[in-house]
Protein chains: 2
Amino acid sequence: MEQSGGRDVVERLRSDIVSSVFEPETRLKFADMTKRYDVGIGTLREGLSQLVSEGFVTLEAGKGFRVAPVSGEELIEITEHFIELEKRAITDAIAHGDDDWESHIVSSHHRLNIIEKLSWPERIERHSEWVQRHREFHESLVAACRGKWLFKLRSLMFNQLDRYRFVTKMAPQGLGKEKFEEHRQIMLAALDRDAEKASALIEHHIRDTSERARTML
Amino acid sequence: MEQSGGRDVVERLRSDIVSSVFEPETRLKFADMTKRYDVGIGTLREGLSQLVSEGFVTLEAGKGFRVAPVSGEELIEITEHFIELEKRAITDAIAHGDDDWESHIVSSHHRLNIIEKLSWPERIERHSEWVQRHREFHESLVAACRGKWLFKLRSLMFNQLDRYRFVTKMAPQGLGKEKFEEHRQIMLAALDRDAEKASALIEHHIRDTSERARTML
DNA sequence: GATAGAATGATTTTCGAAAATGGGTGGAGA
DNA sequence: TCTCCACCCATTTTCGAAAATCATTCTATC
């Protein structure tokens, strides 16, 4: 089998930062990183550099890379930006989505469901998979929106929220069941082409999650 | 004198793309680029990679980097996003700006003025400087906005607009004088703490420029 | 004892050579 | 004539060694 190759080192890095494998403000030294991810210095540098643009990492000239800090203030700001962008995106997607769009929503929701139905220990075991599928589900909802930049910007904000969502995932279960139902409701509203309802549901879904995250920060 | 060092290779690259030194869709080969910018392959790759996140360059795995395409549709979308973000940013800046904020607006406007007052041939001669000072002026207006991400996102959109602004700059003069006055009006509204007026002026300023650019595309 | 400066070690940053990949040409077989 | 495959060249992508930079400790001098 072909080894990782090193093309998805960015994803692994982002995943590790989101999962707090590296805590905020931690220095990311090349000596350690190259061993951990089994790639060369140059490749790693390119990856880190990309994460700087995404806001996960900071770069101080001459001092190297660090994991970007987190704060309640920033969480609030990111949440508001995301909600704003997402509402516009889903409204447009609902207006212009075709059959492929609908079917992809259904399939990605199903994939998310499979993990969300698992027992608690199994679920945290496969947490990185959950992150991936959760991202894909929300992405599928707005996939049909024209507006390349609208999509880019909302994805930027969504990825940032992943960092903060993580803290709520490690908390005692109970909120899982709620979110489970919320996802279903959002899907149904989208398939029903009810933009108003889908927007409202998403707004509540996101804002509620962020609120909980903020209290746990 | 110390040679370039290679830390601002990103700015030179962006500047060359904005100025259409490399036309859209052009392949950016490392062999040529390393000679042109006098930096190594790795450094260049890191720079290109950053421009991918900013949307100036595209990267197809295995096929290398290309200058991102331009289109009237994208111009419209970028314009609307920028106006939306900029209005929020300037409103917040006007509400919270201090004396330093004001004085920096005045000084950067002055620096822009110096170039805008020049004769036509001199002005296109120093076009890259104009781009820089124009950016700094608009940036100074919103510098006091809290909201790190609001600032980031609006800057992303502003940089994209630079590409499209360029086509209008090469057109026969006449619009120069108008923009000259518009910049002054915007500055006065900001110093007067009139958020409504400043927002309206900026909206018109940007939308008008984009409209002209679109007809010339 | 305090401070500046030099020397040392750790880490980042740069760079070009080597490996991997893609595109294109030509020739053999049908 | 057309298709397929093997080869070759151009280009990208990866990688680690060498140079540059930053932080720290040690020493000499006031």
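Just so you know, these numbers use all the heavy atoms, side chains as well, and skip hydrogens, waters and symmetry mates. Here is how names work: the chains are called A, B, and so on, in the same order as the sequence lines, proteins then strands, and each is numbered from 1. On a predicted model such as this, the values are computed, not experimentally measured, just so you know.
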* Atom pair NZ/CD of A:K148 and B:E74 - distance to nearest 0.5 Å ->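 If we round to the nearest 0.5 Å, A:K148:NZ and B:E74:CD are 4.0 Å apart.
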
Can you tell me how far [atom2] of [N] sits from [atom1] of [X], to the nearest Å?
X: B:K29; N: C:dG23; atom1: NZ; atom2: P; result: 13 Å
X: B:Y37; N: C:dC15; atom1: OH; atom2: C1'; result: 19 Å
X: B:K35; N: C:dC15; atom1: NZ; atom2: C1'; result: 16 Å
X: B:L59; N: D:dT11; atom1: CG; atom2: P; result: 17 Å
X: B:D32; N: D:dA10; atom1: CG; atom2: C1'; result: 12 Å
X: B:R66; N: D:dT12; atom1: CZ; atom2: P; result: 10 Å
X: B:M33; N: D:dT12; atom1: CE; atom2: P; result: 9 Å
X: A:I41; N: D:dA17; atom1: CD1; atom2: C1'; result: 9 Å

* **N/O donor-acceptor pair under 3.5 Å between B:D8 side chain and B:E11 backbone** =>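 Side chain of B:D8 to backbone of B:E11: no pair is present.
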
* Hey, is the main chain of B:E23 close enough, under 3.5 Å, to the side chain of B:S20 for a donor-acceptor pair? ->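 No, because the side chain of B:S20 does not come within donor-acceptor range (under 3.5 Å) of the backbone of B:E23.
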
* To do: Ignoring hydrogens and angles, state whether a donor on the side chain of A:Y37 or A:D16 is under 3.5 Å from an acceptor on the partner side chain.
  => yes

Looking only at side-chain atoms of [X], point me to the closest of [options].
X: B:K63; options: D:dA23, D:dT13, C:dG22; answer: C:dG22
X: A:F30; options: C:dT13, D:dT12, D:dT14; answer: C:dT13
X: A:V39; options: D:dC15, C:dT12, C:dG16; answer: D:dC15

* Has B:R45 got a side-chain N or O lying under 4.0 Å from the OP1 or OP2 atom of D:dT12? -> no

* Asked: Does the side chain of B:R27 get closer than 4.0 angstrom to OP1 or OP2 of D:dT12 through an N or O atom?
  -> yes

* To do: For B:L28, answer base if it contacts any base atom (sugar-phosphate contacts may also be present), sugar-phosphate if it contacts only those atoms, and nothing otherwise; contact means non-hydrogen atoms under 4.0 Å.
  =>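 Sugar-phosphate only.
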
* A:H109 ring center within less than 6.0 Å of A:H138 ring center ->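 Not under 6.0 Å, so no.
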
